[in-house]
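These notes concern the structure reproduced below.
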Amino acid sequence: MLLILCSNATAAADTQSPAATSSRTALNAAWAQVLDEHVPLIGRQQALSQIEQEAQTGDQHDLYLLGSLYYMGRRASGSLVQQDLDKASLYLSNAAMHGSVLGMAKTAEIKFATHQYREAMNWAQIYGHYALLLPKNGRPHDGYAAELVQRILDKLGRSAIPEIMRDVDSFIALHDAEIRAGTESKFTGENLHPFPKAKAYVAPDARFAPRAGFADYLIAFKPDGSVANVFLLDAVPDPTLGRTLREYAMEMAIAPAEGSAGNALRYAWMPVTYDDGRYRVTPAR
């Protein structure tokens, strides 16, 4: 059973300005404050409110994380919010329109959960299209996309597919430039490169293997590069997958801090994809 770390999980480009780097670092620290149950409640609520205000600028990273939090609700680490699928759908679909490929997948999951199977298939096909356009080292594994489509097909049937694909083609033609602009952009922030484990994750003995999916974590790193804490934001299609994979995320590491930042915690958003290798996706066009 393979566990693949998306290379676009780290938050940054090497060419960014110090102001942009400071902004992303501050935002990740604010997310840690939101999720840390040791922080006074009023401070956590204020941090979340500030993040939601700043998300109005359309930053796909902020929109995606907020959508993930509202999708997971109380099942997220130290969450302040109840599950709100309307808010989650709004944030995630906006993130998708700004280039978040994983936002497309989660929008499909919400539509599936609310029995809007045609809309779910639309977003699943849009997700599959843009996921295949990502560089190989930043591309989600195919197994999740294949299982997502199959789950929807089991509810929807195949007769609707030709019309759905015409709708998908129209959507891509209309929004492709905007989505590609976001997909090709770099998140602002410190360029952290966590090192994965040397071995693939294996589920505990006598435990049923989970479905293909992915989990989002915010990881706090100590000055020496080891993990201080791992906060679970969301996991699809099964929330328990996030708890199953947390052990893997706990074994990440980054390069030790240098200079004046040497005493501060550093943070990285980390989507981790699980795929047991049963399926592969072939472009349908």
Side-chain angles (χ1 to χ4, degrees), residues 60 63-64 66-76 82-134 139-176 178-179 183 208-216 233-242 271 273-276 278-285:
Q60 63 155 286
L63 292 167
Y64 176 79
L66 282 167
S68 298
L69 182 67
Y70 279 104
Y71 186 29
M72 192 72 162
R74 293 294 187 186
R75 296 170 296 187
Q82 299 285 354
Q83 184 184 60
D84 187 329
L85 294 184
D86 290 334
K87 271 193 173 183
S89 181
L90 178 63
Y91 281 130
L92 289 168
S93 60
N94 280 336
M97 294 297 292
H98 285 82
S100 171
V101 175
L102 295 183
M104 299 169 189
K106 287 189 181 178
T107 302
E109 292 283 3
I110 291 175
K111 300 302 182 184
F112 181 80
T114 53
H115 311 295
Q116 300 176 70
Y117 300 124
R118 185 182 177 111
E119 287 296 311
M121 184 60 81
N122 284 345
W123 279 107
Q125 294 295 334
I126 292 164
Y127 163 70
H129 173 81
Y130 284 103
L132 287 172
L133 296 181
L134 292 174
R139 185 183 303 169
H141 241 221
D142 292 342
Y144 169 70
E147 291 191 18
L148 172 63
V149 168
Q150 188 59 57
R151 282 189 282 121
I152 301 169
L153 273 178
D154 289 343
K155 298 291 186 179
L156 181 67
R158 294 183 176 275
S159 61
I161 295 301
E163 189 173 351
I164 284 173
M165 293 313 297
R166 287 193 290 272
D167 290 344
V168 169
D169 287 340
S170 297
F171 177 92
I172 291 171
L174 184 62
H175 299 290
D176 188 61
E178 179 183 3
I179 291 172
T183 302
F208 182 73
R211 284 186 258 183
F214 62 95
D216 287 292
L233 271 167
D234 192 13
V236 294
D238 182 356
T240 61
L241 181 66
T273 304
Y274 173 86
D275 176 19
D276 65 5
R278 285 179 292 171
Y279 304 100
R280 289 294 175 266
V281 172
T282 301
R285 303 184 191 283

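All residue numbers in this chain count up from 1 along the given sequence. Both backbone and side-chain heavy atoms feed into the values below; hydrogens, waters and symmetry mates do not.
Here the closest heavy-atom approach between residue Ala108 and residue Ala124 is recorded as CB-N, 3.7 Å. Minimum interatomic distance between Pro237 and Gly213 (heavy atoms only, all atoms of both residues): CD-CA, 3.8 Å. Looking at every heavy atom in both residues, Ala215 comes nearest to Gly242 through CB-CA, 3.9 Å. Nearest heavy-atom pair across Phe214 and Lys106 is CE1-CE, 3.5 Å. In terms of heavy atoms, Leu92 sits closest to Ser68 at CD2-N, 4.0 Å.
Scored by the salt bridge (charged side-chain N to carboxylate O under 4.0 Å, His left out) test, Asp84 finds no partners at all (sequence neighbours excluded).
Note that the CD atom of Glu147 and the CD1 atom of Ile152 stand 12.0 Å from one another [nearest 0.5 Å]. Atom-to-atom distance recorded for Gln83:CD and Arg74:CZ is 12.0 Å, nearest 0.5 angstrom. To the nearest 0.5 Å, atom CD of residue Glu119 and atom OG of residue Ser93 are 10.5 Å apart. In this structure, Met121 CE and Met165 CE are separated by 9.0 Å, a value rounded to the nearest 0.5 Å.
Judged as a ring pair (Phe, Tyr, Trp, His ring centres under 6.0 Å), not a single pair has a partner in residues 145-164 (not counting sequence neighbours). Pairs of residues two or more places apart, or lying in two chains, that qualify as salt bridge (Lys or Arg N to Asp or Glu O under 4.0 Å) and include a residue from residues 152-163 are Arg118-Glu163.
Note: Phe112 and Tyr117 meet the aromatic proximity criterion, with ring centroids under 6.0 Å apart.
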Where do Tyr130 and Ile172 land on the side-chain contact (heavy atoms from CB on, under 4.5 Å) test, with the steps shown first?
CA-CA 10 Å; Tyr130 284 103; Ile172 291 171; 3.6 Å; yes
